[in-house]
*Asks:* 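I'd like to ask some things about the structure below.
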Protein chains: 4
Amino acid sequence: MASQALENPDRLVTSDDPEHPANLIPSLCAKFWTLGWVTGTGGGASIRDDDLVYIAPSGVQKELMKPQDIYVLSLAAQEASLKNRTYLRSPPSYKPSQCTPLFLAAFTRRGAGCCIHTHSHWAVLVTLILESMPNGGHDGSHRVFEINNIEQIKGFGRGHGKTGNLGYHDTLRIPVIENTAHEEDLTEFLEEAMDKYPDTYAVLVRRHGVYVWGDNVHKAKTQCESLDYLFQLAVEMKQLGIPWISEVPVTVPRRS
Amino acid sequence: MASQALENPDRLVTSDDPEHPANLIPSLCAKFWTLGWVTGTGGGASIRDDDLVYIAPSGVQKELMKPQDIYVLSLAAQEASLKNRTYLRSPPSYKPSQCTPLFLAAFTRRGAGCCIHTHSHWAVLVTLILESMPNGGHDGSHRVFEINNIEQIKGFGRGHGKTGNLGYHDTLRIPVIENTAHEEDLTEFLEEAMDKYPDTYAVLVRRHGVYVWGDNVHKAKTQCESLDYLFQLAVEMKQLGIPWISEVPVTVPRRS
Amino acid sequence: MASQALENPDRLVTSDDPEHPANLIPSLCAKFWTLGWVTGTGGGASIRDDDLVYIAPSGVQKELMKPQDIYVLSLAAQEASLKNRTYLRSPPSYKPSQCTPLFLAAFTRRGAGCCIHTHSHWAVLVTLILESMPNGGHDGSHRVFEINNIEQIKGFGRGHGKTGNLGYHDTLRIPVIENTAHEEDLTEFLEEAMDKYPDTYAVLVRRHGVYVWGDNVHKAKTQCESLDYLFQLAVEMKQLGIPWISEVPVTVPRRS
Amino acid sequence: MASQALENPDRLVTSDDPEHPANLIPSLCAKFWTLGWVTGTGGGASIRDDDLVYIAPSGVQKELMKPQDIYVLSLAAQEASLKNRTYLRSPPSYKPSQCTPLFLAAFTRRGAGCCIHTHSHWAVLVTLILESMPNGGHDGSHRVFEINNIEQIKGFGRGHGKTGNLGYHDTLRIPVIENTAHEEDLTEFLEEAMDKYPDTYAVLVRRHGVYVWGDNVHKAKTQCESLDYLFQLAVEMKQLGIPWISEVPVTVPRRS
């Protein structure tokens, strides 16, 4: 298929199947636009199907994106030659997304099937609240968002390669990396955070937004929704003077 | 019909009628998703039609659910054998919802026709505000949300088996139960709260959400909407320093 | 037409014209539901076409209403016999709305063509803020919401029988009436407020919502939107410590 | 085409192309209505196609606008005779928008292809917060909204005639002009602000809203979205006590 596609690269983004990545990215991004996650061309999404990576372009109005706007590249070819990125298929207009190396980090380092980048207000506000705290949260040297004892925490997996999801009493930790003037320069910080927090499925970017990934589209999207829910709740808790971390009560023994 | 269905269980979820429970649960859940009640696979809904109980599965994206994703079980068979839950019809993928025993409690103990479970921010925030109050509201031993003198309170029935709705000056009371690590373990707390508050149509779960039921889909949905409205109002009142309970003024005599 | 209708009353609510009141009320109410104005069967709307008055029923889910759910009555017959309300056409299910006498007050006393009743959070919060103020606003004996120097104030007419709209520097005044246990008992308070504020197109009801009317559907709807906008702004101004009334600056002379 | 149009002016607003300005203005305004930018007939939009200027009328419900409601005028004819505005095409009902001279200022002074005027709450609240500050922001004589170190700032061009967009560390400056009793009287203030801030793509109007323009529809809309995002964030930052301007950190050198 790849060799066929090279003769006619547009076949890579042409399908009647609404679940095909080239159709799914536009429909997902339109939904994310209504949620306020991708506004004014900010934010984006990428899906990996085996070796093929589909990426929304830069500068597009996310709710108006079409399958023919999508870039496609080969993950293996990309890994072989990091400096010279070549696309199997490029749209006639638009430029590649600056998020590309960040999406690729989720695919190569975590085997993710989908990565979503939002500029959600709630994500940005959480990073602003963290930077205004004395030690920027519990970890002074590297800021991290922490919350526990909220049911929606169960929406996250325990970590790449682990089975099952976090529990109600577990503490969800999302590291925060510094923003940079050029988005592709975030890559090394993102990779560093991935190394330091091997179980995380998301990384916050200070005054910028969040990257969330998952094994597939379903998991990336539902983890992104759960996280946005928790970020919103965290801002509202802050406004009401309620701390994000509470003592774990003595657990009620499960009926056998 | 049940015997026919057992030969071909998928007939239980196949209907052209948009009001059929297997069609109604997906359309309701899509609506609840846009309201922010069910996000990242959280929350759910169940409808009872006589002896048949239809339940949304676990782990599904609620706005994308389809009739073929629905579980069906017999209420009578369930009551006869609580330990061994058997489904008349199961979807090919997905797992049963952990909410199942909680939905069943509303059906068996209150004769409800529909039960909705949301993770609404407003519900969670109300429980967080209550736990930060000196006595957790008016009832120290068992937290309860109380509000009066708001018109929307009229949206609730007086209680199971009673006629008519609450009045403007009546106090709406919604008990709050403790959250547990495993959602099915909530069942005994929910049943205990139902016993203690025999007139309630809803139970809040601390740091988790709310269960709301009604005699039928119409009543469960409108009571859930009215309650979410009141939870939102209560959070906004708290932010403005306005108490939830006010003295009942001398009532204006009704014209005869 | 009225005599024809009496033989077949359902003709009064049957039309292919989307602008027919029986079609317009459901489509407006569905829109109002998405705006959060009518939730859990609360709120409603009525349109007057010459002598015929079309009213949404009580207890209906406002986003699901159908033309056949609409009540129709004759304004003249109603005025002749206030005690015995008779409907030219009634839906097979549902009960008449308790808002009916309030809608009629707008039609008979102001010649309105449409009246909208919302339970908007912002309207309720404005009445709650007013009751927490030392004198309940500028007028201690009869609470009134007042705001000036906001562009959206231009969205309101100067008053029934007057030409033109309010100006940017004019003060918009919306009286607040006490809520009653039974909604129809609001009527005399509403009429009293109409008498005291002859130029108002709206009356707030404490801890309940707002009634807004206009010469036609267009004016009632746009005035209701402008008012909801101002109520929301007023709550946000309160949270930021910004007063609703500011000194009118020396006006810039208009270029001739 | 212009001469053809004069014989049959309605041809100017008749097209099957959804990208034709007469079709695009209604679809954009419907979208802006759902965003809360144009409510109760407030706000508006205008598109310039070479010499032809298309403008939404005054007093229309923005989500219900139709192509036949659009005014069309010639920019060249307008510039030749500022006092006597003549329209190539006028709708049968409605009046011309009072925003017309403000839209024209963006077209003539900045060569803009589209100008959007919103009454967004966030824009109005930003002007209210600024007027409550000791010096109304950093520039006492002429209020200005300033924010830096937020990723979404990259959504703005560097200025008319300049290439590229603002960077993360750049300070976005949006001047605020005084509101006037009559909207057309804003024109000279708007033009003055354009002169003083030659790189701005937007001007806030105190207690009123914002005008945003761009080289084309895409740029005007995405800049308007980015600005509304920043206004909302700024209000939320104010509520959390976080300043809009922070010290620019030492920039991380870009990898070469």
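Letters go in sequence order (proteins before strands), and every chain restarts at 1. No hydrogens, no waters, no symmetry mates; every other heavy atom, side chains included, goes into these values.
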*Asks:* Is there a side-chain contact between B:Tyr168 and C:Arg207 in this structure, where contact means two heavy atoms from C-beta onward sitting under 4.5 Å apart?
*Replies:*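 Of all side-chain heavy-atom pairs linking C:Arg207 with B:Tyr168, at least one is under 4.5 Å.
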*Asks:* Does the distance from a Lys or Arg side-chain N to an Asp or Glu carboxylate O, for B:Lys221 and C:Glu63, drop under 4.0 Å?
*Replies:*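 Here B:Lys221 pairs with C:Glu63 in a salt bridge, since their nearest N and O are under 4.0 Å apart.
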*Asks:* Taking the side chain as every heavy atom from C-beta outward, state whether C:His208 and B:Gln152 have any atom pair closer than 4.5 Å.
*Replies:*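 Counting from C-beta outward, C:His208 and B:Gln152 never come under 4.5 Å.
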*Asks:* Is chain C contacted by the side chain of B:Leu240, its backbone, both, or neither, given a heavy-atom distance below 4.5 Å?
*Replies:* side chain
*Asks:* Which one wins on heavy-atom pair count under 4.5 Å against chain C: B:Ile150, B:Thr34, B:Leu35?
*Replies:* B:Ile150
*Asks:* In terms of heavy-atom contacts, does NZ of B:Lys219 have more than 12 from other residues, nucleotides or ligands at under 6.0 Å?
*Replies:* no
*Asks:* With rounding to the nearest 0.5 Å, note down the distance linking CG in C:Leu128 to CG in B:Leu233.
*Replies:*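 These two atoms lie 6.0 Å from each other.
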*Asks:* State, to 0.1 Å, how close C:His182 and B:Lys154 come at their nearest heavy-atom pair, and which atoms those are.
*Replies:*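 Scanning both residues, the minimum pair turns out to be CA-NZ, 4.3 Å.
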*Asks:* Would you tell me whether B:Glu236 and C:Trp122 have side-chain atoms, one donor and one acceptor, within less than 3.5 Å of each other?
*Replies:* no
*Asks:* Are C:Gln61 and B:His218 linked by a side-chain donor-acceptor pair shorter than 3.5 Å?
*Replies:*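 Judged by distance alone, the side chains do pair up.
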*Asks:* Where the side chain of B:Tyr229 meets the backbone of C:His119, is there a donor-acceptor pair that is under 3.5 Å apart?
*Replies:* yes
*Asks:* Taking side chain as C-beta onward, heavy atoms only, is B:Glu225 less than 4.5 Å from C:Thr41?
*Replies:*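 No, too far: nothing below the 4.5 Å cut-off.
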*Asks:* Can you tell me which of C:Gly59, C:Gly209, C:Gly43 forms the most heavy-atom pairs within a distance under 4.5 Å of chain B?
*Replies:* C:Gly59
*Asks:* Given that the side chain runs from C-beta out, which part of B:Gln223 has a heavy atom under 4.5 Å from chain C: side chain, backbone, both or neither?
*Replies:* neither
*Asks:* Measure C:Ile129 against the heavy atoms of chain B and call it side chain, backbone, both or neither at under 4.5 Å.
*Replies:*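 For C:Ile129, backbone and side chain are both near chain B.
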*Asks:* Counting only heavy atoms from other residues, nucleotides and ligands, does the tally under 6.0 Å from NZ of B:Lys238 exceed 12?
*Replies:*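 Not buried by this count: 12 neighbours or fewer within 6.0 Å.
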*Asks:* Output, in order, the C-alpha distance, side-chain angles, deciding distance and verdict of side-chain contact (heavy atoms from CB on, under 4.5 Å) for B:Glu151 and C:Val205.
*Replies:* CA-CA 10 Å; B:Glu151 180 71 8; C:Val205 186; over 6 Å; no
